[in-house]
2 protein chains.
Amino acid sequence: MQVRVKSVRALARGLDVFKALHNHRSASLQDLHDETGLAKPTLLRILKTLEEGGVARRSSRDGRYRVSASVRFFGQNLGVEDAIAEQAAPVLDRLCRDMLWPSDIAVYKDGAMEILESSRHQTPFMVNRDRIGFRVHMLMSAMGRAHLAFSPAAERRAILTRLSRSGDPYDHAARNPSAVLADLANDRTRGYAVRETGYGRWGIAERSQADAIAVPVLQGRRVLACLSLAWAAGATTRTEMVARHLSRLQDAAAEIAGRIAAPDQ
Amino acid sequence: MQVRVKSVRALARGLDVFKALHNHRSASLQDLHDETGLAKPTLLRILKTLEEGGVARRSSRDGRYRVSASVRFFGQNLGVEDAIAEQAAPVLDRLCRDMLWPSDIAVYKDGAMEILESSRHQTPFMVNRDRIGFRVHMLMSAMGRAHLAFSPAAERRAILTRLSRSGDPYDHAARNPSAVLADLANDRTRGYAVRETGYGRWGIAERSQADAIAVPVLQGRRVLACLSLAWAAGATTRTEMVARHLSRLQDAAAEIAGRIAAPDQ
DNA sequence: CACCGGAGTTTCACCTGGTGTAACACTGCA
DNA sequence: TGCAGTGTTACACCAGGTGAAACTCCGGTG
C-alpha cells in the first residue's frame, strides 16, 4: 500500500491537457489555456511532448491541436474481464473494510470460475493461497454454484454437460444432474450459493476449513460475474455470516453491475 | 512553426511508462523497470500519477499494474476523416517542400468535398483563403471531379443525382449528365482531374487565376479521399505541372492510402 | 497608414519539484 | 536461518519545469 508516494505534477498536468484535448474535437492554444489555467509557454511544452509521444497532433491546416487517431488502439487489448475487475476492485475493498472477511469476484470461463479480483490481501485474518491460475471448480466453489444457479436454464444445462465430460474428479458430480439441479434450485431460492463442504482450505497451515457464500452479479438475465464472501469455518457459523452480511454482499453485487453498465470517472 | 520549444521530460517518461504498460496485459514494477530503465522510485511516482489520472490501475489481487479500461473511450470521438488528415499531413508537408506549390486533401461529404488538411500555409507563394467551411464544389473543383471520376459508377450516379437537385448554381452542371460523364471519363483515362476554368481565385488580391489537378486516394475500388496540387495559372502551365509533378502526386496518394491501411508509429 | 488587440512564441532567472542512491521492509525459497 | 528478489521510504542534490515579461505576427478598425 503506497501511502507517501508523491505524484509527478508535470505528468499530471500533461494528462489534464490530454483530457482537455479529448473533450473538444480540436482546441487552440488559447482554448487550452482557458480550460486548464496553465501558462501558455507551459502548454506549448506539454503539447510538444504529447506530439512527440504520438498521442496528440497539431493540424498544419489551422494550427489547432487534436488527439491523435493512434489513441484509438489504447485499451483495445483488454477484455470484459478487465473492466469487471476494475469496477469491482474498489467495491471489494470497501466490502472487506466493513466485513473484515475477504471477498473474491470471478467470471465463468472454459469450464471453471476465473478469479479476477480479490480482497484477500487486505483482510486482517490471513492469506489464502488460491493462486493456482486463479481458477476454482464450478460444482465445489460457492462462486461456481452461484453462476450455475442464477444463469438461464439453457446455459446451466450446457455447462453441466461440459463438466460431465471433464477429466477432473472435482467436476464428476455433474454426471448425476438431477441431484445437482436440485441443490442449485435450492441455492437459487435462498438467494445465495454455498461452497461444497470440505472444498478449499484456509491459510498456510491448512488446518481450518474454509467456508464461503456467493451471489451473482446480474446484467439482465445473464450472470456477469459472481461475488463471494469467505471465512474460516472455525471462527463463525454460516448462519451468522448470512445474517450479518448477505444483504451487504447483494448490495455490492448490484453496485458492481451498475458500475459496469455506466462506469464513472 | 515551433522550433525551440523544449519538451517536458517528466511527461515524456510518463507516456513511455503508459505505453510499456499498454504492451503487456499487466506488468510488475520490476517489468517496467527492466523495460523503461527508469529507477523504481521514479516509476512508483509515475504510476501513482497515472492511477490518479485514471489511465492505469493497480490490481489489489496481485499488485500488478494494468491500463485502465477507461482508456477504451479515448479517440472514440474522432472519425475516419481525422485518421486520414493525420496520416496525410506529413505527406502533404513533404510534397510541398518538393513541389513548392501547395496541396490539399479532401473527402466527399454531403454533396461537397470537405478539405481535411492542407499545405497552403507553408508554400512560399501565398495563402489562399479557402476557409469558408473548407468545402468545395464537386463539379468545379479538381478534387470533386477526381472523386467522381474514380468512384464506382453507382456512387458517381448517386452523387450526380443529388447535385442535380441542389440549389447551388455551381452544382447545376449535373443537370446535363451526359456532358459531365464524358468529361469525367476523360479525367479517368488521363489519371487525374482538373479544376473547372475560372473556379477559385488566388491570393488575397484575387488577381490571378488558380489552377489545380487532383488524384484519388484509393482503397480498393473506393475513393477514400482526393489529393490536389494547386498553382497560380499565370506562373506556369498545366502541361508543365503535370509533366513535373503528376507522378509525385500519385505516389503520395498511394503512400497515404498505405498509411491509412497500416498506420505506423 | 498607423494604431490596436489578441493569439502565439521566445527568453530567461528563479527555485520548486523531479530525481536516483541508499537504506529499509517484506516474502518466499533453500 | 540466511539469501535473493521485489517493492517501498527517506533524503539531499540540482536539473529542469515554470511563468512573467517581452516580442512577433496577423487581421481588423478608424
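Below, chain A is the first sequence line, B the second, and so on; all start at residue 1.
dG18(C) atom P lies 12 Å from atom CD1 of Ile46(A), rounded to whole Å. Atoms CD (Glu51(B)) and P (dG7(D)) sit 14 Å apart, rounded to a whole Å. Computed from coordinates, the Lys48(A) NZ to dT9(C) P distance equals 12 Å when rounded to whole Å. Atom-to-atom, CZ of Arg58(A) to P of dG8(C) comes out at 7 Å; the value is rounded to the nearest Å. Between the C1' atom of dG7(D) and the CG atom of Asp62(B) lies a distance of 14 Å, rounded to the nearest Å. To the nearest angstrom, C1' of dG8(C) lies 7 Å from CG of Leu44(A). Separating the CG atom of Leu50(B) from the P atom of dG18(C) is a distance of 13 Å, rounded to the nearest angstrom. Protein atom NZ of Lys6(B) is 7 Å distant from nucleotide atom P of dG17(D), rounded to whole Å.
Near-neighbour residues of DNA chain D inside residues 24-39 of chain B, defined by a heavy atom below 4.0 Å, number-ordered: Ser28(B), Leu29(B), Gln30(B).
Between the side chains of Asp104(A) and Ser118(A), a donor-acceptor pair is found at a separation under 3.5 Å. His137(B) and Asp171(B) share no side-chain donor-acceptor pair at under 3.5 Å. In summary, the side chains of Glu35(B) and His24(B) do present a donor paired with an acceptor at a separation below 3.5 Å, with no hydrogens or angles considered.
For a distance-only test at 3.5 Å, the side chain of Arg45(A) fails to qualify as a donor-acceptor partner of the base of dG16(D).
Salt-bridge formation is not detected for the pair Glu51(A)/Arg66(A): no Lys NZ or Arg NE/NH1/NH2 atom is positioned less than 4.0 Å from an Asp or Glu carboxylate oxygen. Salt-bridge annotation for Arg57(A) and Glu117(B): present, with a side-chain N of the basic residue lying under 4.0 Å from a carboxylate O of the acidic one.
Here Ser7(A) lies in heavy-atom contact (under 4.0 Å) with sugar-phosphate atoms only. When heavy atoms are screened at a 4.0 angstrom cut-off, Arg64(B) is found touching no nucleic acid atom at all.
Nearest-nucleotide positions on DNA chain C for Ala10(A) and Lys40(A) put Lys40(A) closer to the 5' end.
Under 4.0 angstrom from either OP1 or OP2 of dG20(C) there lies at least one side-chain N or O belonging to Thr42(B). Distances shorter than 4.0 Å separate none of the side-chain N or O atoms of Arg13(A) from OP1 or OP2 on dG17(C).
Ser103(A) places a side-chain N or O within 3.5 Å of a backbone atom of Ser228(A) that can act as its donor or acceptor partner.
Residues Arg135(B) and Asp110(B) are in side-chain contact: their nearest non-hydrogen atoms beyond the backbone lie under 4.5 Å apart.
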